[in-house]
Number of protein chains: 2
Amino acid sequence: MAETTTFREVMAEIIQRITEGPWGPGSLLPGEVELAEEFGVSRTTMNRALREVSELGFLDRKRKAGTRVRMAPIRQARFEMPVVRAEIEKTGAQYRYQLVSRAVIVAPDWLRARMRLKARDKVVHLVCLHFADGVAFQLEDRWINASALPQAVEQDFSAVGPNEWLVATVPFSEVEISFLAAAADARMVAHLGHAPGDPVFCIERATWWQNAAVTLVTLAHRQGYRMTTRY
Amino acid sequence: MAETTTFREVMAEIIQRITEGPWGPGSLLPGEVELAEEFGVSRTTMNRALREVSELGFLDRKRKAGTRVRMAPIRQARFEMPVVRAEIEKTGAQYRYQLVSRAVIVAPDWLRARMRLKARDKVVHLVCLHFADGVAFQLEDRWINASALPQAVEQDFSAVGPNEWLVATVPFSEVEISFLAAAADARMVAHLGHAPGDPVFCIERATWWQNAAVTLVTLAHRQGYRMTTRY
DNA sequence: ATGTTTATTATGTCTACACATAAGGAGTCG
DNA sequence: CGACTCCTTATGTGTAGACATAATAAACAT
């Protein structure tokens with residue numbers, strides 16, 4: 001079948017030559033035209049192949065300077081961040097959601113500073129649990145800006161989780177995600193089964209829409225949780 | 001002189017329409033031909049723009065089904081993982097490296113299992129510190145497979161860090177990266193200034209080359225460290 | 001020797017066109 | 001009604017050619 005060579009095949013061969021072949025770290029590759037000729041493809045296709053390999057982090061490309069193999073190849077890691085439900089159901093486990101607490105209050109100072117809220121802005125504070133096969137998997141601590149999203153005050157989050165509700169309700173224009181290690185507080189001890197002070201892997205995500213704060217969420221994970229990616 | 005519209009401009013407009021405009025979550029976009037006509041570009045360019053926006057995680061594309069706005073837009077997070085030296089020097093701080101300990105031993109059982117080593121394989125065990133302006137920033141705990149890399153036994157790591165040495169010496173074909181929260185052990189207490197049991201943000205990276213284990217490294221960070229990314 | 005201009009060159013990107021491929025949907029048949 | 005086939009359609013990808021742009025290197029002037 002493969003009469004024409006695809007850019008994917010070219011990519012595979014390029015990566016092969018980088019990882020196991022003659023193109024060691026730091027070495028300079030031949031130019032696009034020369035490579036295109038060697039592989040029997042058009043320069044367009046060769047360009048696509050080289051661009052994609054470069055996006056994978058293997059190559060460094062600069063006009064005039066040429067294409068060079070990166071010294072430190074793994075400069076970026078992509079992490080899939082599925083919705084909890086999907087992450088749990090993918091493992092074959094059964095997903096269950098539970099609302100722990102819900103309150104509408106005036107935003108505390110630290111939250112105002114963190115999310116650039118105005119004084120006296122009201123927020124909805126939610127605490128929820130996500131279970132995998134009945135075992136607590138993730139504790140969600142979420143703040144929603146009620147000034148920007150008045151609907152959030154009416155919304156009853158006992159059935160549908162705030163994440164799924166938000167995602168279907170409001171767009172976003174700015175996102176900030178952090179990974180960090182925290183010490184288990186009383187709430188985590190109560191719901192996730194940690195001992196007080198245990199290290200907990202947390203993801204914090206802040207979202208804005210047109211400069212207005214939408215939501216801040218901290219996701220605390222069960223003990224021993226790892227976020228892993230492979231190449 | 002922007003006589004011709006670039007795919008980047010098209011991308012920006014598309015993202016605008018998704019995040020703040022008429023194309024809400026779940027909505028179906030017009031076909032490539034129609035959009036190309038509207039924007040006054042070729043289908044090739046429109047395809048490139050849509051493909052890249054889709055790679056950013058905003059769109060879902062399927063043949064025949066068309067292009068649809070993702071319900072959960074932030075499905076993947078990209079984290080830059082620079083070499084420590086670069087990460088530190090980027091902040092303007094001065095970088096310093098120090099070798100703490102070095103030993104050549106037979107691989108312990110847990111390491112053999114973790115890295116698929118053969119029985120009685122020897123490994124080089126290194127502990128190193130990376131300082132930013134004289135303050136300990138990262139503690140590196142590294143194992144190098146001496147059977148696959150005999151040069152590592154000869155190498156004196158007192159001046160140049162093992163990471164920089166490895167990167168310039170050996171290629172790789174398989175990488176596994178994990179993020180996790182661990183409790184500070186004695187070594188971290190001694191070198192990073194934690195209290196025993198404090199939560200520590202760790203990165204673990206395992207590397208193979210042609211199915212042979214190359215190295216396993218755990219990078220423990222100073223207290224309060226966060227890995228952050230923004231959109 | 002040093003700073004400035006100019007040419008060269010490799011990558012970046014747009015266009016127009018053609019064919020490939022996956023998958024939804026209509027129509028057909030048991 | 002269900003299962004199958006076939007057609008249609010939107011995206012996926014390859015080609016050839018042209019111009020744009022950044023960055024190095026060479027030539028030049030100070």
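Every chain is numbered from 1, with letters handed out A, B, ... down the list of sequences. Just the heavy atoms: all of them, side chains too, but no hydrogens, waters or symmetry mates, feed the values below.
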Subject >> Between CG on residue A:Leu99 and CG on residue A:Asp156, distance to nearest 0.5 Å >> reply: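 The CG atom of A:Leu99 sits 7.5 Å away from the CG atom of A:Asp156.
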**OP:** Kindly compute the distance separating OG1 (B:Thr67) from CE (B:Met46), expressed to the nearest 0.5 Å.
**Re:**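 Rounded to the nearest 0.5 Å, the OG1-CE separation comes out at 10.0 Å.
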Partner residues of [X] under the side-chain hydrogen bond (donor to acceptor under 3.5 Å, both in side chains) criterion, sequence neighbours left out:
X	answer
A:Ser42	A:Thr45
B:Arg114	B:Glu176, B:Glu204
B:His191	none

Below 4.0 angstrom from OP1 or OP2 of [N], is there any side-chain N or O of [X]?
X	N	answer
B:Thr67	D:dA10	no
A:Arg61	C:dG12	yes
A:Arg48	D:dT13	yes

[X] [atom1] to [N] [atom2], straight-line distance once rounded to whole Å:
X	N	atom1	atom2	result
A:Arg68	C:dA10	CZ	P	13 Å
B:Asp60	C:dA23	CG	C1'	14 Å
A:Glu52	C:dG12	CD	P	13 Å
B:Glu55	D:dT11	CD	P	16 Å
A:Leu50	C:dT11	CG	C1'	10 Å
A:Arg8	D:dG14	CZ	C1'	13 Å
A:Glu37	D:dT15	CD	C1'	15 Å
A:Glu34	C:dT9	CD	P	14 Å

Original post:
Does CD belonging to B:Glu34 count more than 12 external heavy atoms closer than 6.0 Å?
Top reply: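 For B:Glu34, atom CD is not crowded (no more than 12 foreign heavy atoms under 6.0 Å).
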Subject >> Residues forming a salt bridge (Lys or Arg N to Asp or Glu O under 4.0 Å) with B:Glu32, sequence neighbours excluded >> reply: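 Checked B:Glu32 against salt bridge (Lys or Arg N to Asp or Glu O under 4.0 Å); matches are B:Arg43, B:Arg61.
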Report each atom pair, protein N/O against N/O of nucleotides 23-27 of chain D, whose distance is under 3.5 angstrom.
none

Subject >> Selection: residues 39-47 of chain B, any non-hydrogen atom under 4.0 Å of DNA chain D >> reply: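 Per residue number, the list reads B:Arg43, B:Asn47.
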**OP:** For the pair A:Arg51 and B:Glu55, evaluate salt bridge (Lys or Arg N to Asp or Glu O under 4.0 Å) and give the outcome as yes or no after the intermediate values.
**Re:** CA-CA 14 Å; A:Arg51 174 158 39 84; B:Glu55 262 166 33; over 6 Å; no
Original post:
Would B:Asp60 and B:Arg70 pass as an ion pair if we require N to O under 4.0 Å?
Top reply: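 Salt bridge present between B:Asp60 and B:Arg70.
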